[in-house]
Each structure stands twice: as structure tokens, then as C-alpha cells.
Amino acid sequence: MKVLLVGGGGREHALAWAIRRSPELGELIAAPGSPGIGRLARQLPIGAGDIEGLVEAAVAERVDLVVAGPEAPLAAGLADRLAERGVPCFGPRQRPARLEASKAFANDFCNRHGIPTGRYQVVRGADAARAALRSGSLGSQVVVKASGLAGGKGVFLPDTLDEAEEQAIRLLEGSLGGAGATVVLEERLSGPELSVFAITDGTRILECGTAEDYKRRFEGGLGPNTGGMGCVSPGRGDAAFLRDVHARVIAPAVAGMRAEGTPYRGVLYAGLMLTDEGPKVLEFNVRFGDPEAQALLPRLATDLLPVFFGAATGQLGGAPIDFAPDHSVTVILAAREYPGPCPSGAPIRGLPDAVETDGPAFVFHAGTRAGAAGIEAAGGRVIAVTGLGPDRAAARGAAYSAADRIQWEGKAFRTDIGAPSEGDP
Ligand code: AMP
Ligand code: GLY
């Protein structure tokens, strides 16, 4: 099978590694790839946002399958455009991708299909926002969300209703551009968070593991929200609990999309809060998480490529996706300035040669570039290190010893990923 992988971050490096293990793989192509992915795939200089370029490349290269890493090309209609040209895509079409691209759509969809969420209201103007907040129906602490795609920067957790009102108005006035033209105001929930993954062809569903993401920048769950500073897998919850989550959240979402005439094909990622009243959906994503993929995929025991192909073509098999009993801990090595603007160009020392593995650890490139003197840091999240082990403590040890071997000027990371007393998750 010839596969085109779209994207170039840490998640895509982990996907490239997983796809390369498949005995069914003929050739792996990546667009645009990265210095890490370049060791596993032939790279094409086509950006993940260049839908026409990706479609033309998929046709010209006669690929059997396109695997979409990030959400943006899916939200822009990549799968639809590929379908017109007869190319299967692992990743949903534009309408089902609205589960991630529009939080207003996602909440209304949950409402239509009895999927548990916090109480919420969708507003498109300052007066409506004020009225919703002052009515008291959302409680005394309200989460303010830009409805559109905001690269993980669109959710605000103000302490008071006055601050919530100010934040909602800032969004509606364009602080995040079009992403905030519609705002979702949502009851503030509390409880631990869990990321649950499933792969579906629109009808059949396979559970695909769990993870817990550390979203805050600093130890103990302090500081600004980020795209994720680390991750552990599996997350909390035994098999019976997960069956229940699938029955309450994943199965009705997949059935709901089918009933609305737009079957969902790809990986569905539910971000849940485990409240006293049971699990509630905070968000849906239409792709693997980053860094959740870097934690999840090294634990795989199943060949994912036939699963991706089956989901993309409506022929998902019934065999479950198996994971090794190992635990994984993923630590993000970031720029000190992250999540603010970050410098690029510092040479990175101590990367393993030519392979992803460093003993029981994996090293995935998240934001690097090839410079004159070797690999350089390029971006906020630079490297994702995943340790594996028979328990979380062993995995954590493996991750942090590999993390210590990788050095550059300005490297920063959280020291408490996977530690027993954790602020978040
Ligand atoms: P989201 O992108 O919607 O998952 O939001 C990012 C983060 O904001 C989540 O991981 C939660 O930590 C937090 N969050 C989102 N919605 C809520 C909510 N209704 N109550 C409390 N925290 C929330
Ligand atoms: N780590 C969170 C995400 O990928 O959305």
C-alpha cells in the first residue's frame, strides 16, 4: 500500500513510525514532513493547508490512502476533495469535521443526540452574551469558548461573570479573528480529564485507547494553557468504565453522524471531564491528539494501517485494536518562551541517530528544522520524548532520562509528567 501522510508535527512523526511498522506498507510519503519524518518517508514540499496541492499529489502519486494528521485540512474539505478523485482518506469529511471546527455545532450535535455536555449557550453578539451570563442559567462560573478553530487558544476560564462577559465581548469583537465570531458560553465543570479515542468507518467502531494530557505550562497545573506539555497513556478508568463511556459518548456520536447523512470516518477523539454526574464532553477532535498520539501509538500491538484503510473505505474489520500492557509517559521539550512567540535556530544535541528509539524511549520531532550544523529547534514544542515501561513510574524514568540527554539553549519542560501527585490531569 502506498500512503500519503499529511502534516509535520510530533503527532505525525508518531503516525509515520506506526505506519512504517506495517507489513502492508509499500511506500510512505509525507507532506510536508519534518527532519524526523524524513527518516521514515519520502517528503513532498506541500503544506498541510494546501488542499489542492495535496489532492493533486495524491492523484499523481497514485496513493492508496491519505492519512490526515491535523484537523485544519479536514475542516477545509480535504477528505471531500479526495473522495471526488477516488482517493480514500483516513479523516472525516468537512461536515463531520465540524465536530471540531465549530464548538457551537458540536454542542448542538451533542444536544440532538443525548450526548452529555455541560449546560451551554451559543451567542453571536454582546447583548446575547450579557443576557446569557446574567440569566444565571449557566451558573456562577462560565467557560468562554471561541466556536471556531483557534489552535488551542480559544478557551478561557474566567473566575467571575464580569470577566466572562469581558472575555466574550473581546472574542466577539475579533480578538481571535473569525474563530470568535460565534462564542459558546458553557457551565464550568470540574473533575479529572480523560481523552478517549475510537476509530470508525461510520458504522463500526473500534476503541483506540485513552490518554491524559497535561495542558498547563507549569508544574502542578499552573500557568497558561498550551497545546499539551505531556501525556500519559493509558489514562484512568477500567474496561467497564470505558465501555460505558463508549456507549454514552462515542456510539451515539457515530450513530448521530450517520443518521444526519454524513457518516464519520477516521479517528474520533472525545475530550471528557469526569464529573460527579458522570462523563461530560468538553470537546470533540477529529484527529489524534498531539502529544496524545506520541503516548498512544508506541503502545500499539495492532497493525494500524489496515485499520486506517478499513475506516477510510467503510470496511473496518471487527478485530479489536490491541495495546501492549505497557504504560507510556510523554514529555514535551519546549522552548522556554512557549506558549508565547518562540525563537528558532538553536542547535539540538543528543538526539538519537537515525532512529526514533533511545532504549525504552522514543524521540519524536515536534518542531525542528535542518540547519547548517544539524537539527535545530524551530517552534514552541520542539521534541516529544515517550518512555515505555511496565508501570507508569518506569515509563516516567525512561522518558526523563532520554529527555535529559537532549539539550539545546532555551530548552524547557515540565518535571511532573506522570508523577504520582499531579496538579493536572
Ligand atoms: P477544549 O479545547 O474545549 O477541550 O478546552 C480546553 C480545556 O479547557 C479543557 O481541556 C479543560 O481543561 C478546559 N475546559 C473546557 N471546557 C470546560 C468546562 N465546561 N468546564 C471546565 N473546564 C473546561
Ligand atoms: N493535546 C490536545 C490536542 O491535541 O487537542
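Numbering of ligands and ligand atoms starts at 1, following listing order.
Residue Glu52 qualifies as enclosed at atom CD: its count of foreign heavy atoms under 6.0 Å is above 12. Residue-environment remark: CG (Asp391) exceeds the threshold of 12 foreign heavy atoms within 6.0 Å.
Interface of Glu186 with ligand 1, defined as ligand atoms under 4.0 Å from a residue heavy atom, comprises 16 (N), 18 (C), 19 (N). When each atom of ligand 1 is checked for a heavy atom of Glu187 under 4.0 Å away, the hits are 18 (C), 19 (N), 20 (N). Every atom of ligand 1 is numbered from 1 in the order shown, and the set under 4.0 Å from a heavy atom of Lys145 is 3 (O), 15 (C), 16 (N). Under a 4.0 Å criterion applied to the non-hydrogen atoms of Leu157, ligand 1 contributes the atoms 22 (N), 23 (C).
Judged purely by distance below 3.5 Å, without hydrogens or angles, the side chains of Thr330 and Gln294 never pair a donor atom with an acceptor atom. With hydrogens and angles left out, the side-chain atoms of Thr117 and Asn107 include no donor and acceptor closer than 3.5 Å. Using a 3.5 Å distance cut-off with no hydrogens or angles, the side chains of Arg299 and Ser233 do pair a donor with an acceptor. Inspection of the Glu71 and Asn285 side chains reveals no N or O donor paired with an N or O acceptor under 3.5 Å. For the residue pair Arg124/Thr182, the side-chain donor-acceptor check at 3.5 Å is satisfied. For the 3.5 Å distance criterion, the side chains of Tyr120 and Glu187 fail to qualify, holding no donor opposite an acceptor.
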Inset, instruction - Determine, step by step, whether Leu388 and Val329 satisfy the side-chain contact (heavy atoms from CB on, under 4.5 Å) criterion, reporting the C-alpha distance in whole Å, the side-chain angles of both residues, the deciding distance to 0.1 Å, and the verdict. - result: CA-CA 7 Å; Leu388 286 180; Val329 171; over 6 Å; no

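Shortest contact from atom 9 (C) of ligand 1 to any protein heavy atom: Glu193 OE1, 3.5 Å. With respect to atom 8 (O) of ligand 1, the closest heavy atom belonging to the protein is Val155 CG1, 3.4 Å. Annotation: atom 18 (C) of ligand 1 to nearest protein heavy atom, Val143 CG2, 3.5 Å. Protein heavy atom in closest approach to atom 7 (C) of ligand 1: Lys215 CD, 4.2 Å. Taking atom 2 (O) of ligand 1 as the reference point, the nearest protein heavy-atom neighbour is Glu283 OE1, 3.1 Å.
Both the backbone and the side chain of Leu282 come within 4.0 Å of ligand 1, judged by heavy-atom distances. Heavy atoms of Asp213 found under 4.0 angstrom from ligand 1: none, in either backbone or side chain. Both the backbone and the side chain of Leu189 come within 4.0 Å of ligand 1, counting heavy atoms alone.
The closest approach between Lys103 and ligand 1 falls below 4.0 Å for a heavy atom of the residue.
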Measure and list all N/O to N/O distances between ligand 2 and the protein that fall under 3.5 angstrom.
{"from": "ligand 2", "atom 1": "1 (N)", "to": "Asp213", "atom 2": "OD2", "distance (Å)": "2.8"}
{"from": "ligand 2", "atom 1": "1 (N)", "to": "Gly227", "atom 2": "O", "distance (Å)": "2.9"}
{"from": "ligand 2", "atom 1": "1 (N)", "to": "Asp290", "atom 2": "O", "distance (Å)": "2.9"}
{"from": "ligand 2", "atom 1": "1 (N)", "to": "Glu292", "atom 2": "OE1", "distance (Å)": "2.9"}
{"from": "ligand 2", "atom 1": "1 (N)", "to": "Glu292", "atom 2": "OE2", "distance (Å)": "3.3"}
{"from": "ligand 2", "atom 1": "4 (O)", "to": "Arg287", "atom 2": "NH1", "distance (Å)": "2.8"}
{"from": "ligand 2", "atom 1": "4 (O)", "to": "Asp290", "atom 2": "N", "distance (Å)": "2.9"}
{"from": "ligand 2", "atom 1": "5 (O)", "to": "Arg287", "atom 2": "NH1", "distance (Å)": "3.3"}
{"from": "ligand 2", "atom 1": "5 (O)", "to": "Arg287", "atom 2": "NH2", "distance (Å)": "3.0"}

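Checked by atom type and distance alone, the side chain of His365 never pairs as donor or acceptor with a backbone atom of Ile383 at under 3.5 Å.
Classification of the Phe288-Phe308 ring pair by plane angle, with boundaries at 30° and 60°, yields tilted.
The shortest N/O to N/O separation between Asn225 and ligand 1 does not fall below 3.5 Å.
A side-chain hydrogen bond (donor to acceptor under 3.5 Å, both in side chains) check over residues 253-266, counting only residues at least two apart or in different chains, returns the pairs Arg95-Glu260, Arg95-Thr262, Arg112-Glu260, His113-Glu260.
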